[in-house]
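Data block below; observations after.
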Amino acid sequence: MIYLNNAATSWPKAEGLAAYMGRVIDGIPVHGSRATGNGETVESMNARQELAKLMGISDSTRISYMENGTHGLNTALLGYAWKEGDVILTSAAEHNSVLRPLWWLKKNRGVEYVILPVQEDGRIKMKCFQDALQQYHPKVVVITHASNVTGAVNPLEEITALAHEAGSVVLADACQSLGIVPVLPQQWGVDMLAFTGHKYLLGPQGTGGLYVREGITLDPVVTGGTGIFSDEEEMPSQMPLRLEAGTQNEQGFQGLGWSVNWLNNHPLNTAKLQAWFEELEESLQGLGVRIIPVRGTRTPVLSFTVPGYTPEEIGDILYGSYDIICRTGLHCAPLILPYLGLGKQGSVRISMSRFTTRAELEAFLQAIKEIVSE
């Protein structure tokens, strides 16, 4: 089996994670913010501290645990202090985990949002962005760091600087970038940043988080028990507890902490992945396959279509005849398709991980060659 769907969920995980989580599950249950528990287990693999180290965040308490990136984005968007008529600026490259909360805010809170066009590789058009800042004076800018359809990485530091000059707050979606390219929200001045644990962080599903810089206070979207400050009627004001109601997926977050610790100690050779992708793109184009070309900083994601076939047909053939797993369709980002020259059926998407081998890519290329020849 060749797995090329890491932009959805990474596989395989780092060697040792399964064994570690087995020990965690067999151990005495703990809650990271409610009890000290087994000090060695919690402290040595504290996900919050490992994530802060990875992202260059000085205060790990500014990171709240979330079930996934969608949960983090919803918490940031629905918990922000909105007034009717406020404007949000976003792009056509956004995932439905951004687009649907924006629609909810428009319908229920009277918040307006403006969707900006993107380039043919999925990056935001910076001139349009600058003009829109002056025209709409948005309260918040919501932007994906990396497109889940093309892998193109937006210049988040530059976007943040321009937004701040215009008086806007920046919420970044780093679900497709954290763990595979540098993500430094505090250094770049990003105000809020949502991420998931099961993609390039190599962690288990059901984990993610939301970074909120000091000075921004969100209303909790979910309220309930926190284990401490139980005599208060409202959720505690302290981070991260303010956004962490109920029992967290502590076993999953210990696994995430283990994985991020592994990442911190195993730097990625991004140049190798980039070189492989450039070779793969050239070979596919030589076969008459239409790819979505991306230059500059990117994640290991490639979208393409094959003349004479629908994306779904290609995915079925790759899986059924070649044991190759990829993703087909709209990729939960429907608004980007026209800018990429794609139809309503979307594209075939392959996404590598740091564990993908050259032999696997060669086998994938051979499969496409045989499909095209037939």
With side-chain contact (heavy atoms from CB on, under 4.5 Å) as the test, pick out the partner of L201 among I180, T196, T207, L51.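 Of the listed residues I180, T196, T207, L51, the side-chain contact (heavy atoms from CB on, under 4.5 Å) partner of L201 is L51.
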Option among Q248, M239, R242 that satisfies the side-chain contact (heavy atoms from CB on, under 4.5 Å) test with S64: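 Passing option: M239.
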Think K106 forms a cation-pi with W104, using NZ or CZ under 6.0 Å from the six-ring centre and within 45 degrees of its axis?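 Because its charged atom misses either the 6.0 Å distance or the 45° angle limit, K106 does not stack over W104.
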State whether R62 and E214 are salt-bridged, where the test is any N-O pair (Lys NZ or Arg NE/NH1/NH2 against Asp/Glu carboxylate O) under 4.0 Å.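 Salt bridge between R62 and E214, a charged N being under 4.0 Å from a carboxylate O: no.
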Before accepting this row, confirm whether a basic side-chain N of the pair K125/E120 lies closer than 4.0 Å to the acidic partner's carboxylate O.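 No.
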Do the rings of W258 and Y20 sit parallel, tilted or perpendicular, given the 30° and 60° boundaries?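 Parallel: the ring planes of W258 and Y20 meet at under 30°.
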Flag side-chain contact, heavy atom, 4.5 Å: F253 against R48: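 SC-SC contact between F253 and R48 ruled out.
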Residue pair [X] / [Y], side-chain donor-acceptor N/O under 3.5 Å:
X: S147; Y: Q176; value: no
X: Y136; Y: E112; value: no
X: E244; Y: T226; value: no

Could you state the interatomic distance from CG (L280) to CD (E362), rounded to the nearest 0.5 Å?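 Answer for the CG-CD pair, L280 versus E362, is 10.0 Å.
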If you round to the nearest 0.5 Å, how far is CG of D59 from OH of Y211?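 These two atoms lie 8.5 Å from each other.
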What pairs with F277 under ring-ring contact (aromatic ring centres under 6.0 Å, His included), at least two apart in sequence or on another chain?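 With sequence neighbours excluded, F277 shows a ring-ring contact (aromatic ring centres under 6.0 Å, His included) to no residue whatsoever.
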Measure centre to centre between the rings of Y200 and W11, then say whether the value is under 6.0 Å.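 Centroid distance Y200-W11: not below 6.0 Å, so no.
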Between E278 and R298, does the salt bridge (Lys or Arg N to Asp or Glu O under 4.0 Å) criterion hold? Intermediate values first, please. CA-CA 11 Å; E278 290 175 0; R298 67 182 299 171; over 6 Å; no
